[in-house]
2 protein chains.
Amino acid sequence: MLSKKTKYGIKALVHLARQEERTPVQISTISKAENISQKFLESILLTLRKNGVLGSKKGKGGGYYLLKDPKDIPMTTVMRLLEGPIAMVPCVSLNFYEKCEDCPDEKVCAVNKLMLKVRDNTLEIFRNTTLADLSN
Amino acid sequence: MLSKKTKYGIKALVHLARQEERTPVQISTISKAENISQKFLESILLTLRKNGVLGSKKGKGGGYYLLKDPKDIPMTTVMRLLEGPIAMVPCVSLNFYEKCEDCPDEKVCAVNKLMLKVRDNTLEIFRNTTLADLSN
DNA sequence: CTTTTACCCTATAGATTTAGTAGGGTATTG
DNA sequence: CAATACCCTACTAAATCTATAGGGTAAAAG
């Protein structure tokens with residue numbers, strides 16, 4: 001199941017991408033427009049800023065804005081930052097690999113086999129979908 | 001993340017599918033072979049039995065066995081029984097559809113758009129992968 | 001017909017994750 | 001210097017997961 005954190009994060013990013021101009025947008029504005037708890041949204045935008053997706057400006061007229069063009073932000077980036085690993089099991093994860101304790105041999109493991117297919121496929125979708133694709 | 005319930009369930013099913021003969025296999029046998037807590041496995045096999053995937057036989061020489069040929073058991077069935085909805089958000093689920101509360105219009109929603117693609121793709125994989133495919 | 005085997009069922013509990021809330025701190029702008 | 005709006009830490013209620021405990025019941029063997 002997709003966490004609300006990720007869901008809200010995507011909605012907020014799309015909101016920013018849909019802006020005509022790249023001027024900062026206040027948290028409260030996004031929060032109201034997208035029906036998201038302001039404080040919760042604050043923490044989400046913060047992690048996106050810390051990881052180079054968003055920039056921010058303090059003080060009056062401040063807010064958050066995209067650091068890159070929406071077409072240069074693939075969903076892999078967003079998903080990994082907010083949701084974590086794309087793979088459903090650690091033993092098929094590219095960025096968060098871990099061996100299964102209970103599994104004697106990955107190469108014979110049915111779960112590994114199946115989830116590897118799913119990961120490859122899902123990854124392909126996230127790679128080929130950018131923020132721009134979702135903002136139309 | 002895939003739950004251990006599903007993971008164990010798949011391993012157990014593959015274990016049964018790999019049997020030469022279709023004679024009942026005891027829980028304790030599967031539990032030891034696959035490194036699964038016996039009591040936990042018991043509850044998993046029970047739900048698979050209640051939903052027509054497995055049959056069981058009581059008493060001496062009893063155990064669990066597949067009701068169909070492995071090639072006639074698609075992973076969609078297994079995943080839905082053990083893991084639940086395949087979609088990552090209820091608003092793109094086929095069998096467990098629910099409208100989002102916070103979302104004014106699904107057709108314009110970026111999350112919906114993205115997750116629909118992922119679901120279509122994942123579903124395709126689960127449909128085209130049977131227990132027999134995982135058992136080789 | 002009795003004993004053993006092995007499935008069947010309910011309840012509970014510790015650990016972890018999720019989805020926030022509370023409460024303030026700090027930098028910037030006007 | 002006062003108002004704005006981002007920045008940060010800590011905590012918590014609720015849900016889910018991963019089992020464990022403790023027996024009950026049907027069926028087969030002898």
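Values below: every heavy atom of this structure, side chains too, minus hydrogens, waters and symmetry copies. Here the structure is a predicted model, which means the values were calculated and not measured. Letters go in sequence order (proteins before strands), and every chain restarts at 1.
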CD of A/Glu83 versus C1' of C/dT17: gap in Å, rounded?
-> 12 Å
Please answer whether the main-chain N or O of A/Thr130 pairs with a side-chain N or O of A/Asp133 as donor and acceptor at a distance below 3.5 Å.
-> yes
Do the side-chain N or O atoms of A/Ser3 get closer than 4.0 angstrom to the phosphate oxygens (OP1, OP2) of C/dT17?
-> no
To the nearest angstrom, how far is B/Gln38 atom CD from C/dT5 atom P?
-> 14 Å
Mind checking B/Lys7 for me? I need base, sugar-phosphate or nothing, with any heavy atom below 4.0 Å counting as a touch.
-> nothing
Please check the phosphate of C/dC9 (OP1 and OP2 only) for any side-chain N or O of B/Arg49 closer than 4.0 Å.
-> yes
Whole Å only: how far is the CG atom of B/Leu46 from the C1' atom of D/dT25?
-> 13 Å
Please state whether the phosphate of D/dT18, meaning OP1 or OP2, lies under 4.0 angstrom from any side-chain nitrogen or oxygen of B/Tyr8.
-> no
Hey, does the side chain of A/Thr29 reach the backbone of A/Val25 with a donor-acceptor pair shorter than 3.5 angstrom?
-> no
Whole-Å distance, A/Lys5 NZ to C/dT17 P, equals 12 Å
Less than 4.0 Å between a side-chain N and a carboxylate O, is that true for A/Lys4 and B/Asp102?
-> no
Report the distance from atom CD of B/Gln26 to atom P of D/dA27, rounded to the nearest whole Å.
-> 17 Å
Under 3.5 Å, is there an N or O donor on one side and an acceptor on the other linking the side chain of B/Glu42 and the base of C/dC8?
-> yes
Just checking B/Ile27: base, sugar-phosphate only, or nothing, at a heavy-atom cut-off of under 4.0 Å?
-> sugar-phosphate
Closer than 4.0 Å, any side-chain N/O of B/Tyr64 to the OP1 or OP2 of C/dC8?
-> yes
Over how many whole Å does the gap from A/Asn35 atom CG to C/dA19 atom P extend?
-> 16 Å
Between CG of B/Asp102 and C1' of C/dA19 the distance, given in whole Å, is 13 Å
From the options C/dC8, C/dA27, C/dG20, select the nucleotide whose nearest atom is closest to the side chain of A/Phe40.
-> C/dG20
Expressed in angstrom and rounded to an integer, what is the separation of A/Leu41 atom CG from D/dC7 atom P?
-> 12 Å
Check whether any side-chain N or O of A/Ser56 sits under 4.0 Å from OP1 or OP2 of D/dC7, and answer yes or no.
-> yes
Do A/Ser3 and A/Thr6 have side-chain atoms, one donor and one acceptor, less than 3.5 Å apart?
-> yes
Nearest-nucleotide check on DNA chain D, B/Lys57 vs B/Lys4; residue mapping nearer the 5' end is B/Lys4
By nearest-heavy-atom nucleotide on DNA chain C, the more 5' of A/Ser37 and A/Gly61 is A/Ser37
Which part of the nucleic acid, if any, lies within contact of A/Lys39, taking any heavy atom under 4.0 Å across all strands shown: a base, the sugar-phosphate backbone alone, or nothing?
-> base
Would you please test B/Thr129 and A/Lys113 for side-chain contact (heavy atoms from CB on, under 4.5 Å) and show each step?
-> CA-CA 10 Å; B/Thr129 307; A/Lys113 202 174 180 180; over 6 Å; no
